[in-house]
Amino acid sequence: MRALPVLASAVDYAKKRLTARQERSHVNRHAKHLFQLPHGEHRYRVALYFADDMVNAYQLRQWYAPLQQLAQSVPVVVIARQAGTALVLSEECPLPVHLAPTIGDVEALIDSQRIDVVFYVNQNIKNFQMIRFNEPNHVFICHGESEKAYMWSNQLKSYDYVFGAGQAARDRLAKNLRNYDATERTKLVGRPQIDATYLAPYSLNNKLPTVLYAPTWEGDRPSMNYGSVSSHGVQIIESLINDGGFNVIFRPHPRSGVNIKEYGADVSRIREKLAAGNSNSAGRLLFDDTAHWGWQWATADACITDISAVAYDFLATGKPMFVTTPVSSEAVVADSPALEQLPSMDTTQAGHAAELIHQAMDTEDAERNALIERYFGDITPGASMSRFISETLDLLEN
């Protein structure tokens with residue numbers, strides 16, 4: 001009797017193998033370019049490795065513009081491990097996309113190209129299938145600075161270098177990682193995304209200020225439960241709508257509701273409130289699920305967000321912002337200058353969000369410039385992009 005589950009597992013495994021072969025056959029018929037590799041001086045020198053499916057594509061999309069800039073100096077490729085992901089990326093990504101579903105495909109890529117730098121935007125377990133190659137410099141660039149515990153995971157020791165935004169990133173790693181030389185292995189590149197040009201896909205009422213509410217998701221463990229949609233979100237949106245003096249951009253995290261259905265349901269509630277409020281609002285009330293991130297912070301005059309990378313992206317703009325206080329007692333909240341100095345918003349304040357935004361926009365915050373310097377370094381136009389490209393090119397020679 002005990003052999004039956006084993007047999008069932010064997011059958012399931014065979015079906016998966018058959019499906020994988022069928023998928024590859026489909027790709028070979030319809031997208032042969034995903035397996036082609038350049039020769040000679042056109043061989044790839046830098047790669048961004050992405051083993052996930054499209055639900056996490058937001059993590060690499062924010063690197064399109066910096067990598068495009070880098071590609072003006074050296075050939076750059078995005079390596080995808082899943083056929084479906086590669087097919088979609090090949091349609092939207094401005095860089096070449098190469099599909100390497102098997103470890104043999106990865107080996108063929110490494111053997112035929114001159115890849116000296118491999119970038120990683122997340123901690124997918126398949127990253128280790130690439131990290132085992134000794135020749136390239138393996139660099140963790142993440143998908144945005146934050147004070148989440150994710151940012152000092154012990155897994156960062158697996159990479160040769162971490163590209164951090166500013167001194168705060170280096171200090172964070174030095175404080176939390178044992179047996180890790182943060183000075184040597186952390187390269188400070190700023191936030192090159194702030195030097196890209198973003199076009200807003202929506203028209204707004206230019207006579208009114210715009211508020212961005214961009215909460216994170218509910219997280220996949222108690223320590224990462226920073227999301228404010230269910231605790232703060234409805235009150236924040238109702239306050240902004242009732243005020244009537246704002247354009248509102250509500251941009252929930254793409255993974256909202258993946259682990260907690262009620263969290264996703266609350267996102268839908270907010271979406272309905274925005275749709276209902278638009279008919280009587282002088283401002284534009286937007287539910288934003290566009291693919292790209294960047295135009296929102298360029299457009300908004302103020303921001304409400306959670307402990308997440310959004311807070312650090314918006315910090316670099318120098319505009320007013322609030323960071324929500326997590327209601328979960330298990331959420332890990334690090335001691336950091338940003339969280340200590342940036343205005344917070346707890347659940348009792350959420351219903352007064354509009355009033356707080358008005359006050360913040362009328363007040364000069366002298367401490368913000370010092371925070372920006374600590375977290376991003378020089379943010380004069382072009383400075384971050386220049387540091388990112390320079391540090392990358394230096395690694396090509398080492």
Side-chain angles (χ1 to χ4, degrees), residues 44-50 59-60 62-63 66-67 69-70 73-74 76 79 110 114-125 127-195 309 312-313 315-316 332 334-338 370-380 382-398:
Y44 299 125
R45 300 292 307 280
V46 176
L48 185 146
Y49 181 90
F50 189 71
Q59 297 173 340
L60 66 90
Q62 62 183 264
W63 286 100
L67 291 175
Q69 289 288 319
L70 179 64
S73 301
V74 292
V76 180
I79 302 171
I110 293 295
R114 296 177 56 204
I115 294 178
D116 292 309
V117 174
V118 181
F119 289 127
Y120 302 82
V121 296
N122 59 29
Q123 300 288 15
N124 189 293
I125 193 170
N127 288 5
F128 288 94
Q129 293 184 345
M130 176 62 83
I131 289 173
R132 75 181 183 87
F133 294 100
N134 296 331
E135 294 83 3
N137 287 290
H138 300 278
V139 182
F140 186 70
I141 55 177
C142 199
H143 48 277
E145 290 280 318
S146 75
E147 295 295 350
K148 292 182 177 180
Y150 180 90
M151 296 302 300
W152 62 83
S153 164
N154 209 49
Q155 292 166 293
L156 293 179
K157 293 179 182 176
S158 304
Y159 307 94
D160 297 303
Y161 299 99
V162 172
F163 275 12
Q167 185 61 39
R170 181 175 284 163
D171 293 343
R172 187 187 304 124
L173 297 180
K175 176 182 177 181
N176 291 286
L177 294 184
R178 292 181 297 169
N179 305 314
Y180 182 86
D181 187 342
T183 300
E184 175 63 26
R185 296 176 63 180
T186 310
K187 307 293 185 180
L188 307 185
V189 300
R191 191 77 169 116
Q193 288 80 1
I194 66 176
D195 290 326
Y312 296 87
D313 286 333
L315 174 62
V332 177
D335 295 328
S336 76
L371 274 179
I372 292 172
E373 172 65 28
R374 180 173 177 78
Y375 278 87
F376 295 96
D378 181 8
I379 62 165
T380 55
S384 290
M385 188 73 77
S386 177
R387 293 202 300 277
F388 167 71
I389 292 173
S390 177
E391 291 287 0
T392 303
L393 295 180
D394 283 349
L395 291 181
L396 296 182
E397 308 303 324
N398 296 334

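Not measured: the values here are computed from a predicted model.
Side-chain N or O atoms of Asp195 include one that pairs as donor or acceptor with a backbone N or O of Met385 at under 3.5 Å. Side-chain atoms of Thr186 come within 3.5 Å of backbone N or O of Ala182 as a donor-acceptor pair. In this structure a side-chain-to-backbone donor-acceptor pair under 3.5 Å is missing from Arg114 to Arg45. In this structure a side-chain-to-backbone donor-acceptor pair under 3.5 Å is present from Arg387 to Asp378.
Taking the centre of each ring, Phe388 and Trp63 come in below the 6.0 Å mark.
The side chain to side chain donor-acceptor pair (under 3.5 Å) test with Tyr120 is passed by exactly one of His143, His138, Gln155: His138. Checking Asn127, Val139, Val118 one by one against Tyr159, the side chain to side chain contact (heavy atoms under 4.5 Å, CB included) holds for a single residue, Asn127.
Atoms CD1 and CZ, on Ile110 and Arg132 in that order, are 9.5 Å from each other to the nearest 0.5 Å. In this structure, OH on Tyr49 lies 8.0 Å from CD1 on Ile79, to the nearest 0.5 angstrom. Rounded to the nearest 0.5 Å, atoms OG (Ser158) and CD1 (Ile131) are 5.0 Å apart. Separation of atoms CD1 (Ile379) and CD1 (Ile372) is listed at 4.5 Å; rounding is to 0.5 Å. Atoms CZ and CG, on Phe50 and Asn122 in that order, are 6.0 Å from each other to the nearest 0.5 Å. Rounded to the nearest 0.5 angstrom, Leu371 CG and Phe376 CZ are separated by 10.0 Å.
The salt bridge (charged side-chain N to carboxylate O under 4.0 Å, His left out) contacts involving residues 181-194 comprise Arg191-Asp313, where partners must be two or more places apart or lie in separate chains.
At least one side-chain heavy atom of Leu393 sits under 4.5 Å from a side-chain heavy atom of Leu70. No side-chain heavy atom of Leu188 sits under 4.5 Å from any side-chain heavy atom of Glu391. Val76 places none of its side-chain heavy atoms less than 4.5 Å from the side chain of Leu48.
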Pair Leu395-Asp116, side chain to side chain contact (heavy atoms under 4.5 Å, CB included): steps then yes or no: CA-CA 7 Å; Leu395 291 181; Asp116 292 309; over 6 Å; no
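Heavy atoms only, all atoms of each residue included: Ala47 and Ile115 are closest at CB-CD1, 4.1 Å. Scanning both residues, Val121 and Phe140, for their nearest heavy atoms gives C-CE1, 4.2 Å.
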